[in-house]
Amino acid sequence: MRERLLAAEKVRAIDWRDGTLHLLDQRLLPFEERWLAYDSAAGVAEAIRSMVVRGAPAIGISAAYGLVLGARARQAAGGDWRNDLEADFRLLADTRPTAVNLCWALNRLRDRLDRLKPHEDPLAALEAEAVSIHLSDREANLTMAQLGVDLIRRHQGNPQALLTHCNTGALATGGFGTALGVIRAAWLDGLVERVYADETRPWLQGARLTAWELAGEGVPVSLSADAAAAHLMKTAGITWVIVGADRITANGDVANKIGTYQLAVNAMHHGVRFMVVAPSSTIDMALESGDEIPIEERDGRELLELGGRPVAAPVDAVNPVFDVTPADLIDAIVTEKGVVERPDTAKLAQLMCRKRLH
Ligand code: MRU
């Protein structure tokens with residue numbers, strides 16, 4: 001499976017080359033493939049905030065490279081650069097509040113600096129750590145894909161209809177995807193009849209990004225309005241809803257793109273299984289439950305306008321961009337450390353003690 005997945009890899013969104021971060025501008029997809037180059041922490045912070053790069057693992061990886069860029073500039077400026085770097089850390093950490101991968105990656109770099117041996121070059125050590133975060137996310141994708149496919153096959157070995165939300169593919173990760181990685185692997189294994197991709201208002205990650213990624217690989221994909229999900233669960237033979245996550249708390253509650261919670265409620269009602277696929281860097285054991293997760297609210301204009309044109313009456317608009325699915329609506333959480341079925345606090349704690357499976 002690993003080799004087949006690697007051979008099928010087509011899309012990439014993050015490229016660290018010659019000390020510069022290159023990001024595929026996801027705001028323009030699928031109409032234009034434009035790469036933007038960043039050489040400062042402030043530039044990377046703005047890229048994350050403005051959604052040039054998005055998806056929990058991808059913003060963690062980008063932030064890590066952003067901190068490397070910050071360290072390079074701070075060291076060149078002299079003075080107490082390690083202390084000054086805290087400003088870049090905060091700037092990057094504050095860009096988007098819900099996905100914990102962002103702070104997880106930044107903390108890994110900070111810890112690396114704290115563990116620095118006297119003979120080590122701090123910049124080289126930081127860069128190596130950022131590259132390792134990037135590469136290990138790719139490995140985690142491969143492991144999760146296999147585990148997710150095993151899970152699907154265990155419940156039913158025939159080709160099936162799957163439903164997914166937002167974009168959790170190559171564009172959202174350092175590899176080829178979390179939930180979409182499982183879907184890709186299931187397709188390569190002959191287990192997919194059709195994928196229903198929610199359009200994912202208001203940023204249209206499903207319509208613009210997931211549909212593009214899947215169609216590019218020949219996976220049969222149908223785009224549907226977010227509001228069609230319950231109807232499709234009733235009529236289209238969907239067996240699994242498979243989604244990613246931005247933060248999973250110690251009890252197994254899952255924050256993900258707005259609309260995920262209602263999918264889980266509908267899945268439970270229709271007897272459709274619900275799978276969450278996320279690397280362990282998305283699990284936040286410091287928070288007991290989803291009630292504690294900060295939910296990002298974005299500008300109401302994202303709802304009131306489309307491509308800069310008004311599409312609604314000029315009223316107040318409320319725009320929470322994530323929601324929390326309670327653990328008891330989730331059949332399985334798939335991570336690179338293993339699978340947790342019917343998640344709860346004890347099972348999550350046990351999982352986090354395990355080593356990665358790759
Ligand atoms: O606002 P976005 O596009 O960053 O939201 C992305 C999601 O909600 C994804 O489902 C999640 O980050 C998992 S990506 C592997």
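Remember, it's 1-based here, ligands and their atoms both numbered in the order they're listed.
- When the shell of 6.0 Å around CZ of Arg342 is examined, it contains more than 12 heavy atoms from other residues, nucleotides or ligands.
- Pairs engaging residues 28-45 under the side-chain hydrogen bond (donor to acceptor under 3.5 Å, both in side chains) rule: Glu32-Arg34 [sequence neighbours left out].
- In summary, Glu120 and Lys117 do not engage in a salt bridge, as defined by a charged side-chain N under 4.0 Å from a carboxylate O.
- In terms of the side chain to side chain donor-acceptor pair (under 3.5 Å) criterion, residue partners of Glu127 (sequence neighbours excluded) are, by chain and number, Trp16.
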Give every pair formed by an N or O atom of ligand 1 and a protein N or O atom closer than 3.5 Å, one pair per line with both atom names and the distance to 0.1 Å, or write none.
{"residue": "ligand 1", "atom": "1 (O)", "partner": "Arg96", "partner atom": "NH1", "Å": "3.4"}
{"residue": "ligand 1", "atom": "1 (O)", "partner": "Arg96", "partner atom": "NH2", "Å": "2.8"}
{"residue": "ligand 1", "atom": "1 (O)", "partner": "Lys257", "partner atom": "NZ", "Å": "2.7"}
{"residue": "ligand 1", "atom": "3 (O)", "partner": "Arg54", "partner atom": "NE", "Å": "2.8"}
{"residue": "ligand 1", "atom": "3 (O)", "partner": "Arg54", "partner atom": "NH2", "Å": "3.2"}
{"residue": "ligand 1", "atom": "3 (O)", "partner": "Gln205", "partner atom": "NE2", "Å": "2.8"}
{"residue": "ligand 1", "atom": "4 (O)", "partner": "Gly55", "partner atom": "N", "Å": "2.9"}
{"residue": "ligand 1", "atom": "4 (O)", "partner": "Arg96", "partner atom": "NH1", "Å": "2.8"}
{"residue": "ligand 1", "atom": "8 (O)", "partner": "Asp246", "partner atom": "OD1", "Å": "2.9"}
{"residue": "ligand 1", "atom": "8 (O)", "partner": "Asn256", "partner atom": "OD1", "Å": "3.3"}
{"residue": "ligand 1", "atom": "8 (O)", "partner": "Lys257", "partner atom": "N", "Å": "3.3"}
{"residue": "ligand 1", "atom": "10 (O)", "partner": "Asn256", "partner atom": "OD1", "Å": "2.7"}
{"residue": "ligand 1", "atom": "12 (O)", "partner": "Ala56", "partner atom": "N", "Å": "2.9"}
{"residue": "ligand 1", "atom": "12 (O)", "partner": "Asp246", "partner atom": "OD1", "Å": "3.2"}
{"residue": "ligand 1", "atom": "12 (O)", "partner": "Asp246", "partner atom": "OD2", "Å": "3.0"}

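- Cluster partners of Leu348, by chain and number: Leu163, Tyr196, Leu232, Met233, Ile238, Val241, Val243, Ile248, Val254, Leu263, Val272, Phe274, Val276, Ile283, Met285, Ile330, Ile333, Val340, Leu351, Met352. The rule joins Ile, Leu, Val, Met, Phe, Trp and Tyr whenever side-chain heavy atoms lie under 4.5 Å apart.
- A cation-pi arrangement, defined by a distance under 6.0 Å to the six-membered ring centre and an angle within 45 degrees of its axis, is absent between Arg184 and Phe176.
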